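Here's the structure we're looking at; comments come further down.
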2 protein chains.
Amino acid sequence: MPVEQAVGAWTTIRETIERIAPIPESEWAYACARMRPLSLLKGQHLIREGDRVDRLYFVMEGLLRVYYPTPERELNRSFVFAPRFFTNSISFREQLPSHYAVEALEPTDLYYVTYEMVQASYDRHPFWEHFGRLMAQQEFLQKEWKEWRFRRFSPAEHYQYLQEHVPRLIHRVPLYHLASYLGVTPETLSRIRSRRSG
Amino acid sequence: MPVEQAVGAWTTIRETIERIAPIPESEWAYACARMRPLSLLKGQHLIREGDRVDRLYFVMEGLLRVYYPTPERELNRSFVFAPRFFTNSISFREQLPSHYAVEALEPTDLYYVTYEMVQASYDRHPFWEHFGRLMAQQEFLQKEWKEWRFRRFSPAEHYQYLQEHVPRLIHRVPLYHLASYLGVTPETLSRIRSRRSG
DNA sequence: CCCATGCCTTGATCCTCGTCAAGAAATCGG
DNA sequence: CCGATTTCTTGACGAGGATCAAGGCATGGG
């Protein structure tokens, strides 16, 4: 990777961290030295069901699809737009096999650090405990709102909400994937869309 | 409250905390001195939609129902069995009005500490930051599993799962409340139940 | 430029679940 | 123990979404 790209990447990571809490220089240097790059082509999998996920990823560029693979059909759980941290929290924290799979919907660049490194950081400097708490709390709040949306909105209302608040979802995710996310068939989503605009 | 009861209560709280992380004696004394009791009769509300929740509760005894009040019907979001910590995380952390209501399904005893006290604790001793992180992460994992159950299970499968893994839900929560939790009408839940046993 | 592929739409049919209505069973207070 | 209220069940009906099937429309590779 050319140097300029790497520098831009690290700026993005640092900004993402500092949106949560300011990071001491020593700890930033420590983290930088331990991040490793990884790239996925469109359609490649980052995680397959059953994998043990022992890495914390930062999605630098691209788009991931998180889905539950069931015998009958795939159920889309979420979509991960760069830039963002991402891991399978259950697998990462509890050392369990992943209950979902993750696929790149676009060519995707990531960095990652290992479980051991994350655990070691907590003993290294109070910043990491602080950051970890704020991060976990923020993740929790996002899930709380998501639960609220899924319970209170009908699929049609939910689609309208996403159109207004997360338009990149409608523009960058194929509609048949979005349909599965909303809990309906592609046919039904198509009819929702035609009812709204027509 | 008689002394013996208070002592039993505090043992319960301490055990709940130490299931997450061992608490230093100084911090335990600090917390104890700041907890206040509160009791609810069956049917009373702990939180109404729109309230600002600035307390972190510990549910000592009893059972709470958390629900989204919508114009047409109430949607049950969760049930809170003692002993457990509980608050509206969004309202508590972001100082926003509550998007749900909380009602006692049984006579319920609680203790609480205030937002200011929780915030102050983070500067007091590293234990609280550590505890806060582990707590938030644990809450997140529980929501992750809940999301999984709601996506992968049909209402009938979900009912069977709850029967096997959380039988107290079926025994202590009225079925029409459970139906709303599962996302079906009481009539449909009744038919699910008769299909299974018959 | 054209064909193949993947994605989206439209139509017809079936089936499940919500709704409305009534009645049975359980619970509670007096 | 009894009556009133709440909770649960059962039945009939209708609306809406899943399914099956086919056709349209992009997009990209040759």
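Here the structure is a predicted model, which means the values were calculated and not measured.
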*Using side-chain hydrogen bond (donor to acceptor under 3.5 Å, both in side chains) as the criterion, point out the one residue from A:Glu129, A:Gln137, A:His130 that pairs with B:Arg133.*
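Single pass found, and it is A:Glu129.
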Interatomic distance where [atom1] belongs to [X] and [atom2] belongs to [N] [whole Å]:
| X | N | atom1 | atom2 | result |
| --- | --- | --- | --- | --- |
| A:Arg65 | C:dC7 | CZ | P | 11 Å |
| A:Lys42 | D:dG29 | NZ | P | 10 Å |
| A:Ile170 | C:dC8 | CD1 | P | 12 Å |
| B:Glu187 | D:dC13 | CD | P | 17 Å |
| A:Arg172 | C:dC7 | CZ | P | 17 Å |

Does [X] have a side-chain nitrogen or oxygen under 4.0 Å from the phosphate oxygens OP1 or OP2 of [N]?
| X | N | answer |
| --- | --- | --- |
| B:Arg191 | D:dT10 | no |
| B:Thr185 | C:dC17 | no |
| B:Arg193 | D:dT9 | yes |
| B:Thr188 | C:dG18 | yes |

*asked:* Over 60° means perpendicular and under 30° means parallel, so tell me whether A:Tyr67 and A:His45 are parallel, tilted or perpendicular.
replied: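 Judged by the thresholds at 30° and 60°, the geometry between A:Tyr67 and A:His45 is perpendicular.
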*What is the ring orientation for A:His99 with A:Tyr68, classed by angle as parallel under 30°, tilted 30 to 60°, or perpendicular over 60°?*
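Ring orientation, 0 to 90° scale: tilted.
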*Please tell me which of A:Tyr176 and B:Gly183 maps to the more 5' nucleotide of DNA chain C, matching each residue to the nucleotide holding its nearest heavy atom.*
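The 5'-side residue here is A:Tyr176.
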*Want to settle it: does B:Val184 or A:Leu189 sit nearer the 5' end of DNA chain C, counting the closest nucleotide to each?*
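Per heavy-atom nearest nucleotide, the more 5' residue is A:Leu189.
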Checking contacts here: which listed nucleotide ([options]) is nearest the side-chain heavy atoms of [X]?
| X | options | answer |
| --- | --- | --- |
| A:Leu175 | D:dG17, D:dT19, C:dT9 | C:dT9 |
| A:Pro174 | D:dA21, D:dA18, C:dC8 | C:dC8 |
| A:Arg73 | D:dT19, C:dT19, C:dC8 | D:dT19 |

*Looking only at atom types and distance, does a side-chain atom of B:Thr87 sit under 3.5 Å from a main-chain N or O of B:Arg55, one as donor and one as acceptor?*
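Here the side-chain-to-backbone pair exists.
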